[in-house]
Each structure stands twice: as C-alpha cells, then as structure tokens.
Number of protein chains: 2
Amino acid sequence: MARGSTRPTSRDVAQAAGVSQAAVSLVLGDKWRGRVSEATAERVREAARDLGYRPNLAARNLRLGRTRTVLLVVPALTTEFFAGVYTGAARVAAEHGFGVVLYPSPEGIGPARDPFASAQAALDGVIASSMAADALTAIRGEALPLVMLDSDPAGSLGAATVNLDIADGVRQVAEHLLSLGHRRFIHLAADVPSWTFEVRARELAARLAEVPGTSVRTARAPISIEGAVASAEAALSAPGARPTAVICDDDQLAAGTYKAARRLGLRIPDDLSVTGVDDLALATAMDPELTTVHLDAELFGEHGMRALLAVLEDRAPESGDIPVQLMVRSSTAPPR
Amino acid sequence: MARGSTRPTSRDVAQAAGVSQAAVSLVLGDKWRGRVSEATAERVREAARDLGYRPNLAARNLRLGRTRTVLLVVPALTTEFFAGVYTGAARVAAEHGFGVVLYPSPEGIGPARDPFASAQAALDGVIASSMAADALTAIRGEALPLVMLDSDPAGSLGAATVNLDIADGVRQVAEHLLSLGHRRFIHLAADVPSWTFEVRARELAARLAEVPGTSVRTARAPISIEGAVASAEAALSAPGARPTAVICDDDQLAAGTYKAARRLGLRIPDDLSVTGVDDLALATAMDPELTTVHLDAELFGEHGMRALLAVLEDRAPESGDIPVQLMVRSSTAPPR
DNA sequence: CGCCTAAGGTTGTACGTATAACTTCGGTTT
DNA sequence: AAACCGAAGTTATACGTACAACCTTAGGCG
C-alpha cells in the first residue's frame with residue numbers, strides 16, 4: 001500500500017484545472033452560481049474526479065467550527081434495541097448531512113468517565129441514553145448540545161428529553177394481567193439506576209395499589225438472561241403463596257424467567273404468566289411466544305436525532321412521548 | 001445553554017498562565033521536560049483546568065495529519081456478536097490512544113456506497129467485516145490501511161486478514177453429529193455472500209463427502225430468526241426420508257429452526273438435532289440449550305485492532321486463525 | 001466617451017494546534 | 001575575560017479548507 005503518497009488537496013485540484021484553490025472550494029461546495037462559469041465548474045469537477053480528491057475533514061471541521069457529527073451514547077451494546085435506536089438516528093442524521101458516532105459506554109472500555117477521549121472525533125452534539133450520573137456530568141461539563149433519551153424530564157438540567165411512553169406500557173401490562181384475573185405478582189426489576197426503570201416500578205406499584213387484594217414481590221437482576229435466572233428462581237420459590245405472574249422490566253429478564261420456570265417445573269402460561277418489555281426478536285423465538293410491550297426503537301432514535309437537530313438550530317424540539325403497544329402473545333393466560 | 005460562548009483555546013490558557021501558546025502545547029503535550037520549568041508547567045496545567053480547556057481535535061488532526069481514529073465496519077448491528085468485536089477492538093485501541101468509530105453498514109442508512117460520508121471523522125484506518133464487494137472497492141479507493149475480518153486471505157487484494165478458524169468449527173460439528181450416528185443432514189445456510197459462509201459450506205460438504213451413506217440438503221435463509229423459519233420448515237417437510245440433524249450457519253438460524261420444528265411437532269433433540277454457530281446468549285436461553293460453536297468475539301476484535309496497529313506502524317501483523325470451540329449442549333442426541 | 005455594473009474569477013486570511021528554529025540569560029569552563 | 005552552554009522560554013509557520021474582500025475585463029448605457 002502506498003503509505004507515503006499524500007492525498008490530493010484542493011490546491012492540487014486547482015492546479016490540475018488551471019484555477020485557484022478558492023474556485024475549487026466554491027465549485028465543490030456548490031456555492032459557485034454566478035461566481036464561476038459552467039465550463040470552468042465542469043473542468044474543476046473533472047479534475048477532482050480524476051485525482052480522486054476528497055476534502056480533508058479535519059481542515060473543514062476546523063474552518064467551519066462544526067463537524068456535522070454527533071455522538072450517540074448507549075449503555076453497552078448487547079441488544080438489538082440500541083441497534084434500532086442507532087439506525088433511526090443515523091437515518092435522520094444522514095438526511096441532514098450529519099454522521100453519528102457510537103459510544104457504547106463503560107465496562108472495560110478505556111476511561112469510563114470520558115466518552116470524549118474515546119470519540120476522537122470533534123462533536124456538534126450528543127444523544128445520551130440511560131447514563132450513569134458521572135458520565136452525564138462529564139457531558140454537561142462540555143456544554144455540548146444534548147438530548148437525553150428516556151430520562152427524567154424534571155431532572156435533566158434543562159437538556160431536551162425524548163421519552164418512550166413507558167408508563168403507558170406498564171399500565172397496559174397491568175390491565176392485561178388484572179383482567180385475566182391475576183392478583184399475586186412478581187416484579188422482576190432491572191438492577192440498573194435509570195429513570196426508565198424507576199418509572200416502571202412507580203407506575204406498576206401505583207396501579208396495583210388501586211386494586212384490593214393484590215400483592216407484589218420485587219426482585220432485582222442485572223439485565224441479562226443469565227443474570228435473571230437466579231433472581232427469578234429465588235422469587236418464585238420464596239415462602240408464601242406463589243405469585244401467578246412475573247412482570248419483567250425487559251425481554252431478557254423474561255427469558256431468564258423462562259429458564260427459572262423450567263428448572264422449577266413450572267409451565268408457562270399454565271402455571272405462570274410472564275411479560276416483558278422491548279419486543280426483541282427473542283420474544284417471538286421463545287416458546288411460548290412472549291407477551292411484551294413493543295418499543296419502536298428506530299422511531300425512538302429518529303425522534304432523538306430530530307430533537308438534537310432542533311437544539312442545534314435553536315428551535316424548540318417537539319414534545320410528547322412516543323407511544324408503545326402491548327403485544328399479547330402466548331405467555332399470559334388466566335391463573336389456574 | 002450558552003451556545004454563543006466559544007470554547008477556550010490553547011491561546012486563552014496561555015494568556016491566563018502568562019506564557020506563550022507554544023508553552024501550553026508543550027506542557028499539555030507532555031513534551032516539556034528540559035524546555036519548561038516545573039513551576040511554569042504547573043501554572044499552565046492549573047490554568048487549563050480552571051478554564052476547562054479541551055484541545056480542539058479538528059485542529060490537532062489537521063496539524064498532525066492523523067486522527068488516531070479507526071472505523072469498524074460491521075454488517076448491520078443486530079446481534080451481540082459485533083458488539084463483542086467492537087468491545088475488544090475498542091479496548092486495544094484505547095490502550096494505544098486510539099478511538100473506534102462504528103459504521104453499521106447498508107440497509108436504510110444514507111448512501112450505502114460510502115461509509116466515509118457517514119463517518120465524518122477523518123480516519124487513520126479501517127477494520128471491515130463481511131462486506132459487500134462494492135463497499136470494499138470504495139475503501140480500496142481510499143487507499144486507507146485496511147484489515148479485513150473473516151475474509152478470503154487469497155482474495156483480499158493484499159489487505160491484512162484476521163480470521164476465526166471457522167473451518168475447524170465446522171469440522172467439530174460434523175464430527176460430533178457423525179459420531180452420534182447422524183447421516184441425513186440439512187445445512188441451513190446464511191443467504192449472505194460472505195467468505196465465512198462459503199467456508200462453512202465447503203468444509204461441511206468436504207467432510208461429509210468422506211463418509212459413505214451421508215446426504216445433505218442445503219436450504220438458505222437470511223440471517224434472522226423469522227427468516228429461518230420458513231426455510232427450515234420447507235426443508236424439513238420436503239419429500240424423502242426426513243433428515244435427523246440441522247446444521248445451521250448461526251444461532252439465529254438455529255432459533256428459527258426450533259420454531260419450525262415446533263410447528264411440525266418435532267421434538268428437539270429426540271426427533272431432530274440442531275446446531276448453531278456463534279454461541280449468543282440466545283443459545284443457552286433456548287429450550288433445549290443449543291449445541292453450538294463458540295466464537296470469542298472480543299478476542300476477534302482485539303486481534304483485528306492489533307493487526308491494524310501493526311499495519312499502521314509498518315510491522316507485519318501476526319498470522320494464524322483464532323481457535324473456536326464446540327459447546328455440546330442439549331440440542332443434539334443420537335437419531336432415533 | 002466615460003462610468004457603472006455584472007460576470008468571473010483571484011488574493012488573502014483565519015480556524016487551533018504542534019513543533020522547528022530562534023532568543024535570552026545566568027552560570028561554567030578554559 | 002572570552003567563549004560556551006544548557007535552561008527556559010518565544011516566534012513563526014504549516015496543516016487544508018471556506019469565504020470575505022478585492023481585482024479585472026467587457027459590455028451597456030446615459
């Protein structure tokens with residue numbers, strides 16, 4: 001590979017086309033109308049093509065003081081959910097000439113405190129999801145335009161927020177199970193300090209408190225299939241009347257609950273109803289298929305990016321939570 | 001948010017510390033030994049801290065002609081496998097002061113031809129996995145240092161390659177199933193033009209051809225759980241003696257096969273053995289747990305990054321495929 | 001006929017950084 | 001005492017781009 005050969009610059013193109021560097025910049029920047037003749041413009045474009053010219057982004061970014069690049073901070077990268085968020089955000093970004101850089105946060109990658117050390121690219125803004133408080137502080141220190149995903153609107157220090165209407169999702173789950181006749185529940189909660197999970201807990205407790213005769217045991221587990229198994233198993237075998245339904249904070253926890261149920265010889269949905277949140281591919285692959293709250297990850301990412309663009313242009317981002325939808329499948333049935 | 005206020009530059013720091021801009025650059029760049037007194041250096045560091053100074057990366061990149069940023073091109077982002085690859089690559093990168101930018105390729109994101117339009121950051125190199133030929137060509141056009149993951153060593157145009165020893169994985173699967181007594185197979189192949197899948201097909205065919213009395217039906221499906229169901233169902237219900245084992249190109253296809261088997265009333269592993277490749281979380285969540293080839297994604301990413309660093313430093317990258325390991329679980333048993 | 005204007009450019013500069021080349025000065029060596 | 005030297009800086013410059021401000025020429029017009 002020709003490592004020594006430097007890439008052509010706009011000056012090289014200018015020389016090849018017999019014009020000044022400024023003319024090249026005008027033509028390729030599409031600002032040439034009325035300033036450069038059509039013939040000359042074509043000569044420039046041709047020279048650029050021949051030389052394989054590509055503008056030096058570092059120079060352009062320096063000159064313009066902006067990079068048209070935003071950072072998407074996601075909590076690890078282990079599920080397709082954030083892949084969807086990225087896809088949606090990147091699509092909207094591309095429509096506006098922006099790029100999206102991904103930063104899967106902590107756990108073993110470099111200095112966890114500092115997303116910006118890892119993202120060497122200079123940034124115009126940040127979309128951050130479910131972050132630890134210290135990482136959030138680091139970002140605020142940058143005073144970069146910021147949009148928070150699934151974050152407490154009241155506690156976001158004035159940053160714009162874009163949220164899924166997860167409270168409504170929880171209500172749908174509760175309604176569904178209550179109407180089937182369930183009264184004794186386990187809430188298998190994600191052991192992650194994040195607003196979106198607080199909402200789940202609060203909303204569920206609030207709704208069930210309205211119905212006399214209900215009880216809820218809360219169990220906690222890290223978000224992973226393996227992590228959920230032990231918690232679910234313990235909660236299911238605790239003394240007292242066994243709960244008839246397990247409400248999980250997400251689909252991975254639900255998958256863990258399936259495993260725990262199998263170990264205990266409980267059949268789903270006959271002995272136990274299970275619900276999740278996310279609607280990952282996993283949800284329809286399991287047997288029986290999982291009743292879960294469908295989240296539109298791509299739409300979520302799109303809204304996040306649109307909100308950031310609004311902030312960047314000093315417009316007010318649209319408000320309103322993104323609707324979610326309970327998908328009733330085969331993992332829920334009336335208790336026996 | 002104070003959008004108008006511009007960030008402090010090294011000149012601002014210099015002024016605050018009462019030194020020249022060059023001194024600031026020396027101190028913060030850790031090149032000051034013997035050039036600046038300890039006392040002055042400390043004044044500079046303090047001023048930088050007080051002002052919240054952060055170097056402008058666009059300017060630095062322009063000056064140095066390199067970005068310490070590499071691009072990791074992955075085929076969509078739907079599984080945890082590439083999350084692992086990223087994690088490994090990013091860890092090694094961070095150890096060497098590099099950042100990794102992720103580019104989940106085609107399908108709905110901007111101009112699919114041009115990974116570089118999306119990755120606005122200027123790049124020092126590229127790690128590319130399983131790419132379509134045209135994207136590869138675009139990269140070669142850049143003449144950027146390149147490492148290919150899971151790509152034909154013979155056909156990579158001289159680019160360095162880092163590969164999993166997938167051929168060995170396939171041999172382990174074949175050996176396992178043959179020794180259980182299986183003779184009639186379905187090969188559920190990923191419908192993706194990629195070297196790693198060609199290897200699976202070739203190696204499997206080669207091994208089975210050595211054993212008299214074996215037969216293989218090949219079915220193809222896009223890599224997704226849903227996509228695999230129809231293919232698997234069709235292959236299982238085709239006329240002729242039903243195969244007793246389905247060898248899947250990856251775990252998602254295996255999950256689809258589980259669904260198809262359920263629909264057809266076939267029990268795993270009693271009526272049908274199933275194997276996968278990848279060892280995703282999915283594999284141990286399914287019932288029964290999936291016999292599959294474990295791929296160490298993080299190690300793969302680490303090797304990829306190390307190879308790229310070698311190329312960047314004009315060293316020869318180490319060679320040798322990364323070993324893989326068959327995990328025998330409960331989805332395989334002797335045929336009845 | 002001289003002046004104005006528009007077309008079609010060019011010249012010059014700034015963005016913020018890293019570093020090569022120079023300066024200054026107190027102390028040492030010969 | 002002259003020459004030298006290292007420490008502790010400073011000055012100047014280049015990276016490649018975008019764009020404001022300037023220049024030149026030819027034609028139109030009063």
- Send over the distance from D12(B) CG to dC15(C) P, rounded to a whole Å. 11 Å
- Query: Nearest to the side chain of S20(B), which nucleotide is it out of dT10(C), dT11(D), dT17(C)?
  - Reply: dT11(D)
- What side chain to side chain donor-acceptor pair (under 3.5 Å) pairs are there with at least one residue in residues 12-23 of chain A, not counting sequence neighbours? S10(A)-Q21(A)
- Message: With a 4.0 Å cutoff (strictly under), does any side-chain N or O of S10(B) reach OP1 or OP2 of dT17(C)?
- Response: yes
- Item | Separation of atom CZ in R54(B) from atom P in dT17(C), rounded to whole Å | 13 Å
- Task: Ignoring backbone atoms, establish whether S25(B) has a side-chain N or O less than 4.0 Å from OP1 or OP2 of dT17(C).
- Result: no
- Query: Is it true that the side chains of T67(A) and N61(A) contain a donor and an acceptor less than 3.5 Å apart?
  - Reply: no
- Task: Name the closest nucleotide to the A23(A) side chain, picking from dT10(C), dG16(D), dT17(D).
- Result: dT10(C)
- Message: Is the shortest side-chain heavy-atom distance between V70(B) and L123(B) below 4.5 Å?
- Response: no
- Do F300(A) and V162(A) come close enough that some side-chain heavy atom pair is under 4.5 Å? yes
- Item | Note: E313(A)-R66(A) ion pair, threshold 4.0 Å (strictly below) | no
- Query: Q21(B) has a side chain; which of dG9(D), dA12(D), dT17(D) sits nearest to it?
  - Reply: dA12(D)
- Item | Nearest-angstrom distance from the residue atom CG of L26(B) to C1' of dA21(C) | 13 Å
- Out of dT10(C), dT17(C), dT17(D), which has the shortest distance to the side chain of N56(A)? dT17(D)
- Message: By nearest atom, which of the nucleotides dT19(C), dG16(C), dC19(D) is closest to the L64(A) side chain?
- Response: dC19(D)
- Message: Looking at R33(A) and E38(A), is there a salt bridge between them, counting it only when a charged N and a carboxylate O are closer than 4.0 Å?
- Response: no
- Message: Does a side-chain N or O of S37(B) approach OP1 or OP2 of dA7(D) to a distance below 4.0 Å, or not?
- Response: no
- Query: Between atom CE of M148(B) and atom CG of L146(B), what is the distance when rounded to the nearest 0.5 Å?
  - Reply: 6.0 Å
- Task: Quickly work out the R7(A) CZ to dC15(D) P distance and round it to whole Å.
- Result: 15 Å
- Message: Any salt bridge linking E302(A) with R306(A)? Criterion: basic side-chain nitrogen under 4.0 Å from a carboxylate oxygen.
- Response: yes
- Message: Give the residues of residues 27-36 of chain A touching DNA chain D, defined as any heavy atom closer than 4.0 Å, sorted by residue number.
- Response: K31(A), R35(A)
- Spacing of CZ belonging to F82(A) relative to CG belonging to L72(A), to within rounding of 0.5 Å: 8.5 Å
- Query: Looking at dG16(C), dT17(D), dG8(C), which one has an atom nearest to any side-chain atom of R11(A)?
  - Reply: dT17(D)
- Note on the structure: Separation of dT17(C) atom P from L62(A) atom CG, nearest Å, is 9 Å
Below 3.5 Å between N/O atoms, which protein atoms pair up with nucleotides 24-27 of chain C? Just atom names and distances, please.
none

- Message: I want to check one thing: is the phosphate of dG9(D), taken as OP1 and OP2, less than 4.0 Å away from some side-chain N or O of T40(B)?
- Response: yes
- Should E42(B) and R45(B) count as an ion pair when the cut-off is N to O under 4.0 Å? yes
